[in-house]
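Chain identifiers are assigned alphabetically (A, B, ...) following the order of the sequence lines, protein sequences preceding nucleic acid strands; residue numbering begins at 1 within each chain.
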Amino acid sequence: MCANPVPPSTQTVAGAGDAWLFGWDQTPGIVSVWANHEGRAVVWRRVDGRVLHSRERFTPWLFATSLQDLTHLGASLVSETELAERDGLAWYRMLDGAPGAYRYLLFARSGRALERRILMGAEQRLGRTIRSLYDLEDAYYRVGPVEQYLMLTGRVYFRGLAYDDLHRLQLDLETTALDPQRGRIFMVAVRDNRGLATTLDAPAPADEADLIAGLCGLICERDPDVIENHNLFGFDLPFLVARADALGIPLALGRVGGPTLLERYNEMPGGSGYAQPRARYRVAGRELVDTLDAVRRHDFVTRDMPSHRLKDVARYFGIAATDRVYLAGADVFATYRQNPALVRRYAFDDVAEVDGLSRRLLGAPFALAGMAPRPYERVVSAGPAMGILEPMLVRAYLHAGAALPNRVTNQASGPHAGGAVHLFATGVAEQVVKADIASLYPSLMRTFQIGPACDRLGVLLYLVSRLTDLRLEHKAAARAAAPGSLEAGHHDSMQAAMKLIINAAYGYMGAGTMALFADSYAADEVTRRGREMLAHVVEELRQRGMALIEADTDGVFFAVPPGWTESQERDLVAAVSATLPPRIRLEYEGRYRAMFSHEVKNYALLKYGGELILRGVALRSSRSEPFGEQFLRAALRHTMTGDIAGLRQVYLETVDALRSRALPAAALAARVRLSKASDVYQSTRTTQREAQYEALLAAGRTHWTPGERVRYYRKKGGTYVWLPDDDGDAADHQREDENVARREESSPLLDRATLEDARDYDVEHYLQVLVSSYAVRLRKAFAPQDFAQLFRLDAQLGLFDTPVEQIEPCWIRCRRREEAD
DNA sequence: AACGGACGGGG
DNA sequence: GTGTACGTCCGTT
């Protein structure tokens, strides 16, 4: 059912396996493919630094579970073998497979015509209108034309190319507003990795048409393989298209050999939703790449990016130049009018950072495009399971002439139990170790040969095994190469790409009806084994006398006996690892001076270097008044080092700072996002007042839009004061103008400083906030009476008080040696 | 506390 | 003519 025997093909046919991974046609240098449903394709290849194009033909194809919708074709539907004798409108190949599987591979000269005929037949059969093959997805499986071409030919992008061989061009529009209805393009910065760096300017509205035409000309002249920017699909391209439309300028960006115009198409959201479809764009011969997609994928794995904005991301990766120009978005055009050179520098810094991001993040998608039968631009934004893994599986089945399994027959429904989560103890632990079972789910799939039962060829398990081995080779090669070298970069990209696919395999099996090769029995078996492994690790640690704190899916936190060295810790982890089955390894992840365990997945870690890390919503607050955050961090440090007198002192100092108004108002301000428009709030105001809006109204602001972030604090008497931000989070150009006018009237800089520094806040209110929003998060670190005593607001000594020096946090500690076994 | 919906990003 | 992001944060019940 779930544990497949190893299919003979994976053992014996090594060549087939490589075809499953990398395709089989060795055509080098493909940098772009354009194809349509009529079976025409144009392939651009980079050969010795020059780009050649060739026109190709392919036969459009799709998978079907039966021929029933094509019976109306009569003798015009022929089998592939009959084709030699007589011509057909459509022909088919019967494939090996289980009943109900996609056992027919249908071909036609025109994919469009074939589809229309299928829809006609289906309408007759079902007696209702069918608009698209997607309404018949249990009966047909189809991919886009470029994918059809790549899967059929076994070609992939980029064979024999290195990342730097690609000609990449970055462009960045500077506009007078975010909305092309209300603003226009006044500058575009363009650079490429062949030395181009220029801007096109349009100081006056009348210059915009020339700018757009000039941009098209420049792109065609430079002839890049790839066009990149941050939020290219969300901003630059829609803006450019809207302005070109408004001015009647064709966006001729295509490469010689294919259609010239930039095309827009919609990526429909699921269901009948009225959510606006995400627009995508394509142009023949060039790959359009949005670094925002790459950033999202990176953060999906690392989960440690504070934001996905270009400037923040550039700083995060350390690729922002030290003298980089920063301008608030709303000020860019005004600055341009005063100082165009400054804006030019700013725009260059933007495109340079995009190039940096591309080098840093797009190596892995580049490598993936050398494996999966999909265009590079789709690989960049594709999810690794449905977007990469499934096309590879489909290509393998197509190549083998095997039927695709049907997701309906193959769907095993029922409750799905995921990874195990245990909270063993709350409180404070010292000398904490984190250990993880390396690549838990893929390792389990491999070790116990748990793959989808419907994957008769065993492709998924083969890919997981082979990629795991290849990845280790690339990791080793990356380590062996000179740091920072092209060689190292190549191997690192390869290993990252392989990791992405390996990690997608388990999730793909559990993907339910969407995935062709889903098998929830197999997915359940993986998590069941995973829970078993984790339980085993936990038990081994317990038997060795460790103090368990929490365990989650594939990792465990525990405290070791006081005074252990790092090598003792590592030895322990290695010893536990040795008790696991082959290929399942427990890895030493890190060590911490202390840990405060609050709830599952909610904890604080204190590193030996002194860094404090907070995890989980329970320890964070979205309101985050600065004084409270600061108190909490200091309080956690003292608590986690057992310095309760220090904790008490920090608390008393904060209380005192509030009472004596030593803190400025800015330190007390909460930051919230507005959800109600000004008119909406005005209508509900009589029944329920809300602080953030009251603060705006009190400041004389009567107009705002949802989404704006505002800071405010509570004043004596219960009124609220708005603290405007210095860099406008202005959603709206018009309002920005109003603000400028108002600021000029009342000397804004002076005002702002005065506001930030005000002392007229409601002290009693903020004392309550200190205790009920911040101190309360330390509750689980103390016995109830100790907690109450430590954070009492009236500083009187109670009758039954423990002297502070004698209070201890709730320690999580190892059993003493003699109790251990 | 549990649930549903919007947002992210760009000038 | 397409592939179904997804996790987090906010506001409401």
- Task: Please determine, by modelled atom types, if A:Arg243 and A:Thr175 share a side-chain donor-acceptor pair under 3.5 angstrom.
- Result: no

- Nearest-neighbour nucleotide for the A:Thr175 side chain, C:dT4, B:dG9, B:dG11 considered: B:dG11

- Message: Counting the benzene-type ring for Trp, do A:Tyr397 and A:Tyr141 have ring centres under 6.0 Å apart?
- Response: no

- Out of B:dG9, C:dT2, B:dG11, which nucleotide sits closest to the side chain of A:Glu174? B:dG11

- Any strand, both distances under 3.5 Å, Watson-Crick or G-U wobble: B:dG9 pairs with none

- Query: Rounded to the nearest Å, what distance is computed from the CZ atom of residue A:Arg296 to the C1' atom of nucleotide C:dC6?
  - Reply: 10 Å

- Message: If I take atom CZ in residue A:Arg280 and atom C1' in nucleotide B:dG9, what distance separates them, rounded to the nearest angstrom?
- Response: 15 Å

- Task: Let me know the distance between CD1 of A:Ile185 and C1' of B:dG11, rounded to the nearest Å.
- Result: 11 Å

- Task: Could you tell me the separation between the CZ atom of A:Arg615 and the C1' atom of C:dT8, rounded to a whole number of Å?
- Result: 15 Å

- Message: Does A:Asp172 reach a base, just sugar-phosphate, or nothing at all? Heavy atoms under 4.0 Å.
- Response: sugar-phosphate

- Message: Side chain of A:Arg142, heavy atoms from C-beta onward: which of C:dT2, B:dG9, B:dG11 has the nearest atom to it?
- Response: C:dT2

- Would you indicate, yes or no, if C:dT2 has its OP1 or OP2 atom less than 4.0 angstrom from a side-chain nitrogen or oxygen of A:Arg282? yes

- Task: Check every atom of B:dG11, B:dG9, C:dT2 against the side chain of A:Arg378 and return the nucleotide holding the closest atom.
- Result: C:dT2

- Query: Whole Å only: how far is the CG atom of A:Leu292 from the P atom of B:dC7?
  - Reply: 16 Å

- Query: Which part of the nucleic acid, if any, lies within contact of A:Leu232, taking any heavy atom under 4.0 Å across all strands shown: a base, the sugar-phosphate backbone alone, or nothing?
  - Reply: nothing

- Donor on one side chain, acceptor on other, A:His308 and A:Asp299, under 3.5 Å: yes

- Query: OP1, OP2 of C:dG3 versus side-chain N and O of A:Arg374: anything below 4.0 Å?
  - Reply: yes

- Expressed in whole Å, how much space separates the P atoms belonging to B:dG9 and C:dT2? 28 Å

- Task: Give A:Asp350 one of three labels, base, sugar-phosphate or nothing, depending on what nucleic acid heavy atoms sit under 4.0 Å from its own.
- Result: sugar-phosphate

- Side-chain N or O of A:His37 less than 4.0 angstrom from OP1 or OP2 on C:dT2? yes

- Note on the structure: Here the distance between atom C1' of C:dA5 and atom CZ of A:Phe233, to the nearest Å, is 15 Å

- Note on the structure: To the nearest angstrom, the CZ-P distance between A:Phe235 and B:dG10 comes to 10 Å

- How far, in whole Å, is C:dG3 from B:dG8 if one measures between their P atoms? 25 Å

- Nucleotide nearest A:Lys311 when distance is taken to its side chain, options C:dG11, B:dG9, B:dG11: B:dG11

- Task: Could you tell me the separation between the CG atom of A:Asp293 and the C1' atom of C:dA5, rounded to a whole number of Å?
- Result: 10 Å

- Message: From the set B:dG9, B:dG11, C:dG1, return the single nucleotide nearest to any side-chain atom of A:Ser132.
- Response: C:dG1

- For A:Leu173, which contact category applies under a 4.0 Å heavy-atom criterion: base, sugar-phosphate, or nothing? sugar-phosphate

- What interatomic distance, in whole Å, is found between C1' of B:dA6 and the corresponding atom of C:dA5? 15 Å

- Query: Among side-chain atoms of A:Tyr140 and A:Asp69, is any donor-acceptor pair under 3.5 angstrom?
  - Reply: yes

- Query: Where the side chain of A:Pro145 is concerned, which of C:dT2, B:dG11, B:dG9 is the nearest nucleotide?
  - Reply: C:dT2

- Query: Does a donor on one side chain sit under 3.5 Å from an acceptor on the other, for A:Glu287 and A:Tyr157?
  - Reply: yes

- Message: For A:Phe186 together with A:Phe333, are the ring centres under 6.0 Å from each other?
- Response: yes

